[in-house]
K.L.:
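Below is the structure I would like to discuss, written out as structure tokens.
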Amino acid sequence: TSGSVATSPIDSSDDAYSIPVSIGTPAQVLNLDLDTGSSDLWVFSSLTTASEVNGQNIYTPSKSSTSKLVSGATWKVKYGDESTSSGVVYTDKVTVGGITASSQAVEVAKTVSASFTSNSDIDGLIGMGFDSLNSAKPSAVPTFFDNIIGNLDSPVFTADLKHNKAGSYDFGVIDSSKYTGSLTYVAVDTDPGYWKFTSSGYGIGSAAFKSTSVVGIADTGTTLLYLDTAIVKAYYATVSGASNSATYGGWVFKCSATLPNFVFGVGSAKITIPGSYINYSPVTTGSSTCFGGLQDSTDIGINIFGDVALKAAFVVFDGSDTPRLGWASK
Ligand SMILES: C[C@H]1CC[C@H](NC(=O)Cn2ccnc2)CC1
């Protein structure tokens, strides 16, 4: 089998990308953030503390004839942005892009942190990282990808994220109409459970490409691109008036600035991020100071190729026995 689901940016800054996910019988459709940087499928629900729900769609297990409580199971996740959620576990029928997992573990939130409450566009996450990252106790539960992979024509899903418009995630098929040129594959280190790979270098604007190994993760659940200090400083040195602001917690510049393109290497291939993608958004609504889409990864401890990078490419997440990532321009 194979399938495809449209994914849309939740706002004009492409802060996150959601997909419709059908849960239960009859179907309850929630808009989930497909997150290759984590491995829990969790949802706002009828069990979520009422004061922590603010406009999200909720999953009500008691209204689904196919829901089952997983007795004794709990979960709790904490993300790199310090956001958290936790609760209990049901199994139910879950369908994404026409592909169904008949008994998917659906982690039902009893509590969520403020940043989830304040984001009415996201009703939960669907983790597409490796099962080792799953937070369920006393034992981990499989991701949606893990549950369907055996039924897929090819053990892959692909990401075609776009700036300010709908893109798609495909399952079980690589649609060559969605990219230009050829795919370049790179090895994935699945420890500790991210889609972790080594980029072959970078280029800033028209400057010479710098061949150097940059280890990072392909993370659809992170908005920005986070790289080593030296690369980030070299990039903003070309942007007049840019500064690393303690006030705003990162590199900022005048919104009117012209930003150079940023190229990252995958093997012998090169992916070009248009400079405009690195003008992320005003620091506060209406400000003429803008926050950069490329930021320093030092405090994170790992480089993250988030949506700013991913939306410049077509990416194959290959879950075969030797997992790998395929990258192409588009
Ligand atoms: C400083 C960076 C900030 C962004 C961090 N990314 C995440 O937390 C991804 N995520 C998943 C659910 N909610 C957010 C990575 C560190």
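As the structure lists them, so they are numbered: ligands from 1, and atoms in each ligand from 1. Since we're looking at a predicted model, the values are computed, not measured. Values below: all heavy atoms of this structure, side chains included; hydrogens, waters and symmetry mates excluded.
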K.L.:
Taking any residue with a non-hydrogen atom under 4.0 angstrom from an atom of ligand 1, which ones do you get?
P.N.:
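Close residues (ligand 1, cut-off 4.0 Å): Asp35, Tyr79, Gly80, Asp81, Ser83, Leu125, Gly221, Thr222, Tyr226, Ile300, Ile304.
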
K.L.:
Do the side-chain N and O atoms of Thr298 and Asp296 include a donor-acceptor pair separated by under 3.5 angstrom?
P.N.:
yes

K.L.:
Angle class for the Tyr79/Phe116 ring planes (parallel below 30°, perpendicular above 60°, tilted otherwise)?
P.N.:
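Rings of Tyr79 and Phe116: perpendicular, over 60°.
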
K.L.:
For residues 114-127, which residue pairs qualify under side-chain hydrogen bond (donor to acceptor under 3.5 Å, both in side chains), counting only residues two or more places apart or in two chains?
P.N.:
Asn57-Asp123

K.L.:
At their closest point, which heavy atom of Ile99 faces which heavy atom of Gly3, and how far apart are they?
P.N.:
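So the two residues come closest at CD1-N, 3.5 Å.
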
K.L.:
Can you name the nearest heavy-atom pair linking Val96 to Val5, along with the distance?
P.N.:
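Heavy atoms only, the tightest pair is CG1-CG1, 4.0 Å.
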
K.L.:
Can you see whether Thr322 engages Ser320 through a side-chain donor-acceptor pair at a distance of less than 3.5 angstrom?
P.N.:
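Per modelled atom types, Thr322 and Ser320 side chains form no pair under 3.5 Å.
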
